[in-house]
Amino acid sequence: MNFLAHIYLSHDDNDIKIGNFIADSIRGKKYKNYPSQIQRGILLHRHIDTFTDAHPTVRQSTKRLHKNYSHYSGVIVDILYDHFLAKNWKTYSDIPLATYVEDFYNLLEDNFETLPLNIQRLLPHMIHDNWLLSYASIEGITKVLEGMNRRTQNRSKMNLAVVELQEFYTEFESEFTSFFSELIEFSKHKLDEL
């Protein structure tokens, strides 16, 4: 899953949201350098990724992209699934997406010193271009995919995946909806265990 889903799956605990958001930047056991609730967020993120990568519905989505994008397919699906979460946000939250996103940006700014250096560098761009809110539109997802493609020196061609998104929109959305309900339950139970 991508940023928005990880934040949402933190179940309204701010420290878990921070941990879940920064987790990809924390290698190995370095998570133990953080306060306990942030540690839980980092570990939750790792469990979410493992569950997601192995899930048959997600594999169905990635298979549709594999021919054109190879090992980048999973990253693309994570981004596409965030699009469907943002687009259907009212199904999952009573808080308007714009408010939710603004509150999260404020949380990160209030805890700036806790964030890893690469996240500190990323944050101004994320806020300026309002990445999380932009996920709700095809135009926003197009920009995200273009940015990801640039980071791979144009090797991934991820920017072209918007073609498959539009061609198989109904299939991707259906797969997301089916999978995400399971992921919500998985995350709740896993958080109780951590």
Side-chain angles (χ1 to χ4, degrees), residues 1-53 74-75 77-137 140-141 143-148 150-151 176 180 183-194:
M1 301 307 294
N2 204 36
F3 290 137
L4 185 60
H6 276 292
I7 297 160
Y8 175 80
L9 294 167
S10 298
H11 303 290
D12 294 325
D13 183 299
N14 285 340
D15 285 340
I16 290 175
K17 281 182 187 176
I18 291 169
N20 209 338
F21 177 69
I22 67 172
D24 282 335
S25 300
I26 312 299
R27 300 285 171 229
K29 296 191 176 193
K30 289 187 177 175
Y31 74 93
K32 292 185 176 182
N33 298 334
Y34 289 87
S36 62
Q37 281 297 90
I38 291 178
Q39 288 182 35
R40 287 178 72 211
I42 293 167
L43 294 174
L44 177 63
H45 180 111
R46 292 176 181 179
H47 286 291
I48 288 168
D49 282 356
T50 301
F51 180 82
T52 300
D53 292 345
V75 176
V77 168
D78 285 348
I79 293 167
L80 300 187
Y81 278 14
D82 255 15
H83 164 66
F84 292 112
L85 174 56
K87 176 194 168 215
N88 298 299
W89 184 256
K90 289 178 182 173
T91 304
Y92 301 101
S93 178
D94 294 330
I95 302 166
L97 181 58
T99 304
Y100 187 89
V101 164
E102 184 66 30
D103 289 347
F104 181 68
Y105 293 152
N106 290 335
L107 173 68
L108 294 181
E109 288 178 317
D110 291 345
N111 292 276
F112 190 79
E113 295 305 317
T114 305
L115 306 176
L117 190 56
N118 65 322
I119 300 291
Q120 289 179 355
R121 289 187 188 125
L122 174 93
L123 189 58
H125 305 288
M126 183 180 198
I127 293 172
H128 180 268
D129 294 332
N130 205 351
W131 291 1
L132 299 177
L133 191 62
S134 77
Y135 289 166
S137 71
I141 287 299
K143 286 182 182 174
V144 171
L145 291 169
E146 287 169 351
M148 295 295 288
R150 279 193 301 277
R151 278 186 219 120
F176 163 77
F180 200 63
L183 184 58
I184 291 168
E185 287 307 308
F186 169 83
S187 299
K188 283 180 186 171
H189 294 302
K190 188 52 71 175
L191 199 50
D192 289 340
E193 291 173 14
L194 293 172

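If you read the sequence from its start, that first residue is 1, and numbering goes on from there. Values below: every heavy atom of this structure, side chains too, minus hydrogens, waters and symmetry copies.
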Is it the case that the side chain of [X] and the backbone of [Y] share a donor-acceptor pair, with hydrogens and angles ignored and the cut-off at 3.5 Å?
X: His47; Y: His45; answer: no
X: Asn20; Y: Ile16; answer: no
X: Asp82; Y: Phe3; answer: yes
X: Gln39; Y: Tyr34; answer: yes

Side-chain contact test, heavy atoms from C-beta onward, threshold under 4.5 Å: evaluate it for [X] versus [Y] and give yes or no.
X: Asn14; Y: Lys17; result: yes
X: Tyr135; Y: Leu85; result: no
X: Leu191; Y: Leu9; result: no
X: Leu132; Y: Leu97; result: no

Practice item. Go through the structure and list residues passing side chain to side chain contact (heavy atoms under 4.5 Å, CB included) with Arg151, not counting sequence neighbours. Key: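 Side chain to side chain contact (heavy atoms under 4.5 Å, CB included) check on Arg151 returns Trp131, Met148.
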Practice item. Decide yes or no on side chain to side chain contact (heavy atoms under 4.5 Å, CB included) for Tyr81 and Asn2, but give the supporting numbers first. Key: CA-CA 8 Å; Tyr81 278 14; Asn2 204 36; over 6 Å; no
For [X], side chain to side chain donor-acceptor pair (under 3.5 Å) partners two or more places apart:
X: Thr114; answer: none
X: Glu193; answer: Lys190
X: Asn118; answer: Ser25

Rounded distance (nearest 0.5 Å) linking atom [atom1] of [X] with atom [atom2] of [Y]:
X: Ile18; Y: Asn111; atom1: CD1; atom2: CG; result: 3.5 Å
X: Asn130; Y: Ile127; atom1: CG; atom2: CD1; result: 9.0 Å
X: Thr52; Y: His6; atom1: OG1; atom2: NE2; result: 6.5 Å
X: Ile22; Y: Ile38; atom1: CD1; atom2: CD1; result: 6.0 Å
X: Ile26; Y: Ile42; atom1: CD1; atom2: CD1; result: 5.0 Å
X: Gln37; Y: Asp13; atom1: CD; atom2: CG; result: 4.5 Å

Practice item. Might you work through the side chain to side chain contact (heavy atoms under 4.5 Å, CB included) test for Asp24 and Asp49, ending with a clear yes or no? Key: CA-CA 10 Å; Asp24 282 335; Asp49 282 356; 3.9 Å; yes
**Study point:** Qualifying salt bridge (Lys or Arg N to Asp or Glu O under 4.0 Å) pairs with a residue from residues 84-112, counting only residues at least two apart or across chains
**Key:**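 Only Lys87-Glu173 qualify under salt bridge (Lys or Arg N to Asp or Glu O under 4.0 Å).
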Exercise for review: Given salt bridge (Lys or Arg N to Asp or Glu O under 4.0 Å), test Lys143 with Glu146 step by step and report yes or no.
Suggested key: CA-CA 5 Å; Lys143 286 182 182 174; Glu146 287 169 351; over 6 Å; no
Point to revise | Worked check of side chain to side chain contact (heavy atoms under 4.5 Å, CB included) between Asp129 and Ser134 | key: CA-CA 8 Å; Asp129 294 332; Ser134 77; over 6 Å; no
Exercise for review: Kindly determine whether Leu80 and Phe176 satisfy side chain to side chain contact (heavy atoms under 4.5 Å, CB included), including the steps that lead there.
Suggested key: CA-CA 9 Å; Leu80 300 187; Phe176 163 77; over 6 Å; no
Point to revise | Pairs where residues 82-115 contributes a residue and the test ring pair (Phe, Tyr, Trp, His ring centres under 6.0 Å) is met, not counting sequence neighbours | key: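 Passing the test, one end in residues 82-115: Tyr8-Trp89, Phe21-Phe104, His83-Tyr169, Phe84-Tyr169, Trp89-Tyr100, Tyr92-Phe180.
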